[in-house]
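Per chain, numbering begins at 1; letters A, B, ... match sequence-line order. These numbers come from a predicted model, not from an experiment. Hydrogens, waters and symmetry mates play no part in the numbers below; they use all other heavy atoms, side chains included.
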Amino acid sequence: MPVRVRFAPSPTGIPHVGSVRTALFNWLYARHTDGVFILRIEDTDRSRYDPRALEAIFGSLRWLGLDWDEGPEAGGDYGPYVQSERLEHYERYARQLIEQGNAYECFCSTERLAEIRAERQRRKQPPRYDRHCRDLTAAEREERRAAGDEAVVRFRTPDEGTTSFDDIVRGHVEFETATIDDFVVRKSDGFPTAHLAHVVDDHLMEISHVLRGDEWVSSTPRQILLYQALGWEPPQFAHMSVILGPDKAKLSKRHGALSALEYRDQGYLPEAMLNFLGLIGWSLDDKTVLISREQFIEHFSLERMGKNPAAFDLERLTWMNGAYLRELPEERLTELFAERLESDLPDAAPRPIDRETVRRLVPLVRERIKRLDELAELVTSFFSDEMSYTADDLLGKQFKEDSSGAAAAFRAAAQRAEALSAWEHPAIEEAMRGLADELELKAGALFMLLRVAVTGRAISPPLFESMELLGKERCLKRLQAALTVLTK
RNA sequence: GGCGCAUUCGUCUAGUGGCCCAGGACACCGCCCUCUCAAGGCGGAGAUCGCGGGUUCGAAUCCCGCAUGCGCUACCA
């Protein structure tokens with residue numbers, strides 16, 4: 001029996017990183033076992049439907065490279081993969097449950113239900129349905145229907161026994177069946193509830209393992225009951241812990257970015273996000289911190305999944321992103337950087353952004369940024385000649401009281417640069433170090449002067465590599481421009 | 001209120017009875033390297049393994065109780 005797992009989001013909003021991680025683990029397990037990864041859309045709640053959600057779900061999965069073998073846009077032999085298109089299946093099994101006596105129609109109004117819930121709560125009793133419609137006669141049901149009352153279908157939960165399952169990550173979990181309410185399986189609008197839809201689809205789609213969030217543990221016995229009533233074998237369950245906010249509270253907008261796509265826009269790499277998410281709640285060993293997609297697939301196992309909820313540590317993600325920036329092949333970074341710069345550089349920079357410049361910039365800046373959104377600020381001067389520094393910026397601490405000394409240094413530097421036959425960074429550096437000696441300046445002081453003149457900022461890629469890349473002519477112009485700023 | 005799940009440095013984690021008075025990583029601090037900023041190297045601080053009882057020669061690891069957090073208890077998923 002091949003492994004068949006599914007990621008089953010409901011399109012009620014942009015998927016947050018927690019659900020993306022659920023998708024990741026499902027995908028990893030499928031790939032590790034040469035199984036099948038299925039995407040199924042659970043849109044049975046029409047009131048919460050969000051039309052932007054679907055694209056965001058696809059987009060998040062694609063961004064991380066989590067390709068699905070069956071599902072919307074991929075097709076497959078078990079479709080359709082959108083629950084609103086599978087209504088006849090749920091209807092059929094709801095009816096079967098009624099016929100078998102495992103379920104019944106309930107005509108209670110939401111008002112009545114709210115009342116009994118409030119009443120029971122007041123008496124400090126578990127809020128549950130009072131089974132008012134459980135034993136209606138056929139005649140009574142007919143009467144209610146004739147009166148136009150809408151009905152839901154409720155499961156007739158047994159009063160005795162225990163319902164249990166063996167969870168792969170949590171072990172044996174057991175519930176007193178009597179504590180389970182007569183839960184609704186089909187709503188009055190004809191749509192199934194998640195419980196019925198889950199069970200019917202997981203069975204029909206021959207899902208072998210259900211890997212899902214922790215929050216489903218308490219719902220699992222209800223689903224087990226459905227499997228039993230329908231005479232089906234339940235899949236294996238593995239409930240994984242959830243991701244919490246940095247303060248260990250439930251992840252929410254308060255904590256900043258929520259969706260994977262927002263992280264993408266901030267300049268996090270999919271490689272880093274995958275690594276980061278995959279190592280929350282799963283580990284290879286006691287040492288591994290950086291792990292590739294291939295290693296993940298090779299080593300992933302349900303047995304090594306952790307049980308505890310984990311906080312989302314942004315600083316760790318950011319560090320990891322920096323690590324990937326340092327390790328990814330230059331060609332890939334060139335692509336990434338160019339794409340980013342197209343949108344982030346000021347208008348003064350001509351488009352399209354020059355690829356060759358980007359390519360040569362990669363080794364100079366890759367270890368100086370942690371996120372792509374820091375890139376533009378660092379390299380603007382390579383693409384635009386517009387400088388915005390002031391005389392004070394230029395003089396810095398060292399030349400604060402000595403602008404004539406700075407001016408002299410610029411003139412001398414320009415002269416030296418002019419005289420250079422080979423415009424390569426070792427030669428430029430040698431010349432400027434020589435100049436510093438001659439001027440009886442500390443090399444660092446002179447270099448800082450040049451740095452601001454040439455790159456416009458006190459923080460920049462290595463000075464002489466930058467000058468080489470900029471070219472002699474542009475450097476000379478910038479030295480001249482600095483002089484102008486100083487003497488004005 | 002009931003039921004369920006969880007609990008190791010601030011954070012992510014390793015650990016399945018002796019190798020652990022607990023290992024790695026992020027963050028933090030110091031030093032080194034250095035043209036700025038980074039990156040890198042070395043070192044440091046940081047966890048009475050939630051608490052209390054057991055079991056055992058020996059427990060972070062097994063058992064019981066408690067506490068705390070979270071989840072479910074919806075015609076949400």
Side-chain angles (χ1 to χ4, degrees), chain A residues 8-10 12 19 42-45 47-48 106 108-110 113-114 117 120-129 150-154 167 170 173-176 179-181 183-195 197-198 212-222 239 241-242 244 246 248-250 276 279-290 304 306-320 322-323 325-326 365-370 378 396 429 432-433 436 442-448 450-452 455 457-464:
Chain A
S10 59
T12 51
S19 41
E42 308 218 326
D43 58 343
T44 56
D45 184 353
S47 62
R48 294 202 305 157
C106 166
C108 294
S109 66
T110 43
L113 293 173
R117 196 174 306 130
R120 295 192 59 113
Q121 225 140 39
R122 205 171 318 133
R123 298 212 310 254
K124 299 262 188 215
Q125 290 187 321
R128 58 192 338 246
Y129 178 57
E150 288 189 322
V152 302
V153 176
R154 284 183 185 274
D167 192 286
R170 280 158 220 282
V173 184
E174 198 169 87
F175 295 78
E176 289 293 326
T179 63
I180 302 169
D181 206 359
F183 57 95
V184 173
V185 298
R186 198 203 61 188
K187 311 178 220 177
S188 56
D189 63 3
F191 277 63
T193 59
H195 301 303
H198 262 167
R212 66 196 348 174
D214 195 34
E215 71 270 20
W216 287 96
V217 172
S218 301
S219 300
T220 306
R222 291 195 283 268
H239 287 97
S241 52
V242 294
L244 272 18
K248 286 264 184 185
K250 196 174 173 176
F276 175 72
L279 249 27
I280 292 180
W282 185 84
S283 62
L284 176 60
D285 52 33
D286 59 339
K287 297 249 172 354
T288 306
V289 175
L290 262 16
R304 286 195 65 82
K307 307 172 200 282
N308 13 356
F312 187 96
D313 184 355
L314 221 210
E315 291 194 282
R316 188 177 173 82
L317 203 214
T318 304
W319 165 80
M320 214 172 257
L325 248 12
R326 272 169 260 134
V365 299
R366 63 186 308 171
E367 62 195 30
R368 268 164 254 268
I369 58 170
K370 289 202 168 94
L378 195 57
E429 175 163 2
M432 295 306 155
R433 281 193 191 279
K442 285 210 292 199
L446 174 65
F447 294 174
M448 186 50 85
L450 299 176
R451 181 186 316 284
V452 177
T455 71
R457 306 176 68 233
I459 295 174
S460 79
L463 179 59
F464 305 108

Taking any strand in view, what nucleotide pairs with [N] in a Watson-Crick or G-U wobble way, both distances under 3.5 Å?
N     : value
B/G10 : B/C26
B/A59 : none
B/C49 : none
B/C3  : B/G71
B/C31 : B/G41

Side chain of [X] only, please: which of [options] is the nearest?
X      : options             : answer
A/R368 : B/U11, B/G4, B/U36  : B/U36
A/D313 : B/A25, B/A6, B/G10  : B/G10
A/W319 : B/C5, B/C26, B/C35  : B/C26
A/F447 : B/U7, B/C35, B/C37  : B/C35
A/R326 : B/G10, B/A14, B/A39 : B/A39

For A/A310 and A/K124, take the nucleotide of RNA chain B holding the closest heavy atom to each; which residue's nucleotide lies nearer the 5' end? A/K124

Position toward the 5' end of RNA chain B (nearest nucleotide), A/R316 or A/A443: A/R316

Student check: side-chain heavy atoms of [X] and [Y] closer than 4.5 Å:
X      : Y      : answer
A/H239 : A/V173 : no
A/P462 : A/R368 : yes
A/H198 : A/H195 : no
A/E150 : A/T110 : no

Under 4.0 Å, counting only non-hydrogen atoms across every strand here, what does [X] touch: a base, just sugar-phosphate, or nothing?
X      : result
A/I280 : sugar-phosphate
A/R304 : sugar-phosphate
A/A311 : sugar-phosphate
A/P246 : nothing
A/R170 : sugar-phosphate
A/E174 : sugar-phosphate
A/G281 : sugar-phosphate

If we take the C1' atom in both B/C20 and B/G15, what is their distance in whole Å? 9 Å

To the nearest angstrom, how far is A/D167 atom CG from B/A6 atom C1'? 13 Å

A/M432 CE - B/U36 P separation (whole Å): 17 Å

Which letters describe nucleotides 62-77 of chain B, given B = protein heavy atom under 4.0 Å from base, S = only from sugar-phosphate, - = neither? ---------BSSSBBB

Report yes or no: is there a donor-acceptor pair, N or O only, under 3.5 Å between the side chain of A/R366 and the base of B/A39? no

Please check if any side-chain donor atom of A/S219 sits under 3.5 Å from a side-chain acceptor atom of A/R222, or the reverse. yes

Is A/S460 close enough to B/C37 that one of its side-chain N or O atoms is under 4.0 Å from OP1 or OP2 there? no

